[in-house]
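In what follows, residues are counted from 1 in the order of the sequence shown.
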Amino acid sequence: MLVTWLWEHMSYLRIDSSLRDDPSLRDDSPLRPGGSLRNDSSLRAGGFLRIGGVDLYSEIAGDGDPVLLLHGGFCSLESLRAQSDALATDHRVHAFERPGHGRSADITEEYGYARMVADTLTYLDAVGLESAHVVGYSDGAIIGLLLALDHPARVRSLTMISGNLDPSAFTDAAGALGELTTTAEPGPDMERLHYERLSPDGPEHADRVLEKLFRLWNTEPHIDPQELARITAPVLVMSGDRDTIRPGHSLLIARSIPGAQLCVVPGTSHNLVAERPALISMIIRDFLAAHHSAPAGG
């Protein structure tokens, strides 16, 4: 199939070992707070930036129009690795891990989308981006939507993958929320394995992060669909046909945003970025190509 051929023959930007073991990321490295990220477009540059009083892990890869990747809840950047690699062939891909996720230490406070948006804006400023094409997954999709609503000058386009406007979007209550942190197929829980391998807080802290996330997902966000008419950036709404976000809810989002496109990926769940990585990456690339060098806010 064409999709398979594209995926197998695409040129990716990789490094041979975990950035976590890179000697340039030691505590005494200039990449720690007060330092800066390495900027070599031929490699993935990684390091820590001081954002909101916390050291947050960040990566930059590729060269071209800027893209900001926003991961989901209880995810690390590894969850979007396939998309990052695909986009970095002709885009400058920026990504960071929020507190309590991946390589970034947790905070004592509860999680909230308002702080996540504030941290994202601070991150954009820290890496010198006035605006970017935003690609957000799950919690990252919600952050991207709030950016497009309230900070349109920072968003050139938005790809919103499996996001929701409020907690009523889930197909059921506890069951759907549980699926947000697990894979749809039997096998190891990859996000928990990534957490145990990467988190500076240790494997045992995962349950504390999940407790805070479940409280967040049960109470936020609360976005009025009518407010979405204010969005001027090009938007692609994407979800799985077996997603924990009801298909009708994704349709509501797309229908409420002027000119938005809707893509429902067949045979996929909330974990669609891992279940069909090649297809998802190709769809995103096609959407971004149609809006190459688009001005922020449309």
> Between the side chain of S104 and the main-chain N/O of E97, is any donor-acceptor distance below 3.5 Å?
Replying inline: yes
> What class does the angle between the rings of Y111 and H101 fall in, given that below 30° is parallel, 30 to 60° is tilted and above 60° is perpendicular?
Replying inline: tilted
> Between CG of D63 and NE2 of H91, what distance do you get to the nearest 0.5 Å?
Replying inline: 11.0 Å
>> Are T120 and I51 packed together at the side-chain level, in the sense that at least one heavy-atom pair is separated by less than 4.5 angstrom?
In response: no
> Side chain of H249, backbone of L165: donor and acceptor closer than 3.5 Å?
Replying inline: yes
> Under a 4.0 Å N-O cut-off, is there an ion pair linking E220 with R215?
Replying inline: no
> Taking C-beta and beyond as the side chain, do V117 and D150 meet within less than 4.5 Å on heavy atoms?
Replying inline: no
> Atom CG of L216 and atom CD of E211: how far apart are they, to the nearest 0.5 Å?
Replying inline: 14.0 Å
>> Test your reading of the model: is there a side-chain donor-acceptor pair from R156 to the backbone of A233, 3.5 Å cut-off?
In response: no
> So which of V273, L279, T159 actually passes side chain to side chain contact (heavy atoms under 4.5 Å, CB included) with I284?
Replying inline: T159
>> Has S199 got a side-chain atom pairing as donor or acceptor with D201's backbone, closer than 3.5 angstrom?
In response: yes
> Is K212 reaching over with its side chain to a backbone N or O of E109, donor-acceptor style, under 3.5 angstrom?
Replying inline: yes
> Around E130, counting heavy atoms of other residues, nucleotides and ligands shown, do more than 12 lie under 6.0 Å from its CD?
Replying inline: no
>> How long is the straight-line distance from CE of M190 back to SG of C75, given to the nearest 0.5 Å?
In response: 11.5 Å
>> Could you go through L77 and H194, starting from their C-alpha distance and side-chain angles, then the distance that decides it, and tell me whether this counts as side-chain contact (heavy atoms from CB on, under 4.5 Å)?
In response: CA-CA 10 Å; L77 294 185; H194 286 316; over 6 Å; no
> Do M282 and I280 pass the side-chain contact (heavy atoms from CB on, under 4.5 Å) test, and can you show the C-alpha distance, the side-chain angles, and the key distance before you say yes or no?
Replying inline: CA-CA 5 Å; M282 188 176 72; I280 301 300; over 6 Å; no
> What pair of heavy atoms forms the shortest contact from V237 to S250, and how long is it?
Replying inline: CG1-O, 3.8 Å
> Listed by chain and number, what are the ring pair (Phe, Tyr, Trp, His ring centres under 6.0 Å) partners of H94, not counting sequence neighbours?
Replying inline: none
> What are the two closest heavy atoms between L213 and G73, and how far apart are they?
Replying inline: CD1-C, 4.0 Å
> Can you list the steps and then say if H71 with S79 is a side chain to side chain donor-acceptor pair (under 3.5 Å)?
Replying inline: CA-CA 7 Å; H71 63 75; S79 65; 5.8 Å; no
>> Please report the interatomic distance CZ(R246) to CG(L251), rounded to the nearest 0.5 Å.
In response: 11.0 Å
>> Between S256 (side chain only) and L252 (backbone N and O only), is there a donor and an acceptor less than 3.5 Å apart?
In response: yes
> Any side-chain heavy atom of S138 sitting closer than 4.5 Å to one from I245?
Replying inline: no
>> If I compare all heavy atoms of R98 with all of L70, which pair ends up nearest, and what's the gap?
In response: NH1-C, 4.4 Å
> Are the side chain of R230 and the backbone of I257 linked by a donor-acceptor contact shorter than 3.5 Å?
Replying inline: no
>> The criterion is side chain to side chain contact (heavy atoms under 4.5 Å, CB included); which residues satisfy it with D224, sequence neighbours excluded?
In response: Q226, E227
> Taking atom types as modelled and ignoring hydrogens, do the side chains of H292 and D65 form a donor-acceptor contact shorter than 3.5 angstrom?
Replying inline: yes
>> Do T268 and D243 have side chains that approach each other closer than 4.5 Å (heavy atoms only, starting at C-beta)?
In response: no
>> Please tell me whether Y137 and S162 have a donor and an acceptor in their side chains that are separated by less than 3.5 angstrom.
In response: no
>> Tell me if the aromatic rings of F74 and Y195 count as close, with their centers under 6.0 Å from one another.
In response: yes
> Atom CG in L68, atom CZ in F96: separation rounded to 0.5 Å?
Replying inline: 6.5 Å
> Side chains of S58 and Y123: does their closest heavy-atom pair fall under 4.5 Å?
Replying inline: yes
> Is the closest side-chain heavy-atom distance between D207 and L210 below 4.5 Å?
Replying inline: yes
> Sub-3.5 Å donor-acceptor pair from the side chain of R92 to the main-chain atoms of G62, do we have one?
Replying inline: yes
> Is there a side-chain contact between L121 and L147, using heavy atoms and a 4.5 Å cut-off?
Replying inline: yes
>> So that I can tick it off, tell me whether D125 and R154 are bridged by a salt bridge, with the cut-off set at under 4.0 angstrom between side-chain N and carboxylate O.
In response: yes
> Considering all heavy atoms of both residues, which atom of G102 and which atom of P200 are nearest to each other, and what is their separation?
Replying inline: O-CD, 3.9 Å
>> side-chain contact (heavy atoms from CB on, under 4.5 Å) for L56 and L49? Distances and angles first, verdict last.
In response: CA-CA 5 Å; L56 300 185; L49 293 174; 5.7 Å; no
> What's the shortest heavy-atom distance between L158 and A148, and which atoms?
Replying inline: CD2-CB, 4.2 Å
> Does A274 offer a backbone N or O that forms a donor-acceptor pair with the side chain of N271 under 3.5 Å?
Replying inline: no
> Which atom pair, heavy atoms only, marks the closest approach of N164 to A169?
Replying inline: CB-CB, 3.5 Å
> Can you find a pair of side-chain heavy atoms, one from L69 and one from E59, that are under 4.5 Å apart?
Replying inline: no
>> Check this for me, if you would: do D85 and R81 make a salt bridge, where the nitrogen-to-carboxylate-oxygen distance has to be below 4.0 angstrom?
In response: no
>> To the closest 0.5 Å, what do you measure between CZ (R115) and OG1 (T122)?
In response: 9.5 Å
> When you check the side-chain N and O atoms of E191 and S76, is any donor under 3.5 Å from an acceptor?
Replying inline: no
>> Show, in sequence, the C-alpha distance, side-chain angles and deciding distance for S239 and V265, and conclude whether the side-chain contact (heavy atoms from CB on, under 4.5 Å) test is met.
In response: CA-CA 6 Å; S239 63; V265 182; over 6 Å; no
>> Walk me through whether D106 and R208 qualify under salt bridge (Lys or Arg N to Asp or Glu O under 4.0 Å).
In response: CA-CA 9 Å; D106 199 10; R208 171 61 177 157; 5.3 Å; no
> Short question: side chain of D241, backbone of G267 - any donor-acceptor pair under 3.5 Å?
Replying inline: yes
> Do F170 and H270 have ring centres separated by under 6.0 Å?
Replying inline: no
